[in-house]
Structure formats: C-alpha cells, structure tokens
Amino acid sequence: MLELAFKNKYLIIVLSLLIAVISIVVTERLPVDILPNYNTSAVQVLTLYPGMPAEVMEKDITSRIERWTGQSNGIASQESKSMIGVSIVKDFFTEDTDPNAALSQVTSLAMSDLYYLPPGTVPPMVMPYDPTASTPLALLAVSSDSLNEKQLYDIAYFELRNLLGSVKGIIAPAVYGGKLRRILCMYIPTSCRHTIFHKQT
C-alpha cells in the first residue's frame, strides 16, 4: 500500500480531495431530526381518577391495568407511573408485533378491566406510545400578582391552551399546577327531605 501510494502521489491526492468534497456535500444534505421516528410497537394507557392519592392509584388502578394489559400477545415489557389522580401504564411489544394489533389488544383488555376499577374511574384512554412525543420543546409559565391560582388555571386551560393548539405540530398542550374548580352536590332522598322539613318546622 505504501509503495503504491508513493508511486502514485498525484492519484492519492486527487482521491483524498474527492473524498473530502463528497463528504462535505453529503453532510450538508444529511437529514437531521431532533425527535426521530420511533418504530417499536408500544401502547400507553392513561387512566384518571381526580383527587385519588398516588398510593391508592398504584394499588387499585395501575396494578390492575398492568395485570390485564400484560396478557397481550407479544408483550415484551411494561412501565408504569402513578401520580395524584393519574395512572400511566406503558406496554412495549416485540419488534415483530403489528402496532395495530397491539393497540387493539390493549384497548380491549383495558376496557374490560374498567368493570373492576373503583366506581367513578374515567374510562382508560389507550393510545400509541411515542417517547419523543413526551419530550417538552417549550414550557410556558403563567403568574400574576393580582390573580389567584384558580383564575390563572382558567386562563391557562381555556385561553392559552386553545391559542397554543392552533400552532402547527402542537396537539392539546397539558396544563399543570393551579387549583381546579370543584362543584360538590349532595343528594337527599325524598323521605329524608320530609323528615328534615318537619324537624325544622
């Protein structure tokens, strides 16, 4: 190799320059993506029960969803996370599993488990999981010296959320923090109403 290089010095120089030029051209045309495509079959199950403590969510909802969706064919592993009023279960499947079949299986099993979940549990939301979708590109904080937490939450949820939703590539931005509005109603049976009325009179 060395003898050939010394005998053909100009040829080696030309080849080196050609490789350098091609490298520069190819590098400029190389596609770059901050969030690459995620092709592995994975499904995420989101279950809500507003106000329920994280420990109870783990025992009564997350563990049940894991057991039921873990019966899916081709499942490789599971990940879960429990927060106040929120349960997230991620089911990862083998590479040869069809994404549509995985989504269909998990949906059927999650909805079947709804009967055994605590009364008042919001039906599970099942969706394809993409790890790049949960990567925040921007965080917008709302603060005020004159408005309270409820008012700030209403502004962020009903106004800013809709404004951000019109930006290309953004879908339903999540709102965290603040205080939610709660309306508590008490039902009094008719027989009790008569009893209370007579006692008051």
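We use all heavy atoms of the structure for the numbers below, so side chains are in, but hydrogens, waters and symmetry mates are not. Position 1 is the first residue of the sequence; numbering continues from there.
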Hey, quick one: are [X] and [Y] part of the same hydrophobic cluster, counting side-chain heavy atoms closer than 4.5 Å, chains of contacts allowed?
| X | Y | result |
| --- | --- | --- |
| Leu147 | Leu160 | yes |
| Met125 | Ile88 | yes |
| Val86 | Tyr157 | no |
| Trp68 | Leu114 | no |

Exercise for review: Check whether the side chains of Ser82 and Thr62 place a donor and an acceptor atom closer than 3.5 Å, and report yes or no.
Suggested key: yes
In the structure I gave you, are the side-chain heavy atoms of [X] and [Y] within less than 4.5 Å of one another anywhere?
| X | Y | value |
| --- | --- | --- |
| Phe93 | Val106 | yes |
| Asn73 | Gln105 | yes |
| Pro118 | Ile61 | yes |

Any donor-acceptor pair under 3.5 Å from [X] side chain to [Y] backbone:
| X | Y | result |
| --- | --- | --- |
| Thr121 | Leu117 | no |
| Thr69 | Ile65 | yes |
| Gln44 | Val89 | no |
| Ser112 | Ser108 | yes |
| Gln151 | Asn148 | yes |

Side-chain donor-acceptor pairs of residues 16-25 under 3.5 Å, sequence neighbours excluded:
unit_1 : atom_1 : unit_2 : atom_2 : d
Ser16  : OG     : Ile12  : O      : 2.8
Ser23  : OG     : Ile19  : O      : 2.7

Which atom pairs, one a donor and one an acceptor, fall under 3.5 Å between side chains of residues 45-55 and the rest of the protein, sequence neighbours left out?
unit_1 : atom_1 : unit_2 : atom_2 : d
Tyr49  : OH     : Pro119 : O      : 2.9

So which heavy atom on [X] is nearest to which on [Y], and how close?
| X | Y | answer |
| --- | --- | --- |
| Pro123 | Met111 | CB-CE, 4.2 Å |
| Ser80 | Glu66 | OG-OE2, 2.6 Å |
| Asp91 | Gln78 | OD1-NE2, 2.8 Å |

Practice item. Could you walk me through whether Thr94 and Thr97 pass side-chain hydrogen bond (donor to acceptor under 3.5 Å, both in side chains), step by step? Key: CA-CA 6 Å; Thr94 56; Thr97 303; 2.8 Å; yes
Point to revise | Phe92 side, atom CZ; Glu79 side, atom CD - distance, nearest 0.5 Å | key: 4.0 Å
Review point. Does CD1 belonging to Ile84 count more than 12 external heavy atoms closer than 6.0 Å?
Key: no
**Study point:** Steps toward side chain to side chain contact (heavy atoms under 4.5 Å, CB included) verdict (Leu109, Gln71)
**Key:** CA-CA 8 Å; Leu109 291 169; Gln71 304 175 56; 4.3 Å; yes
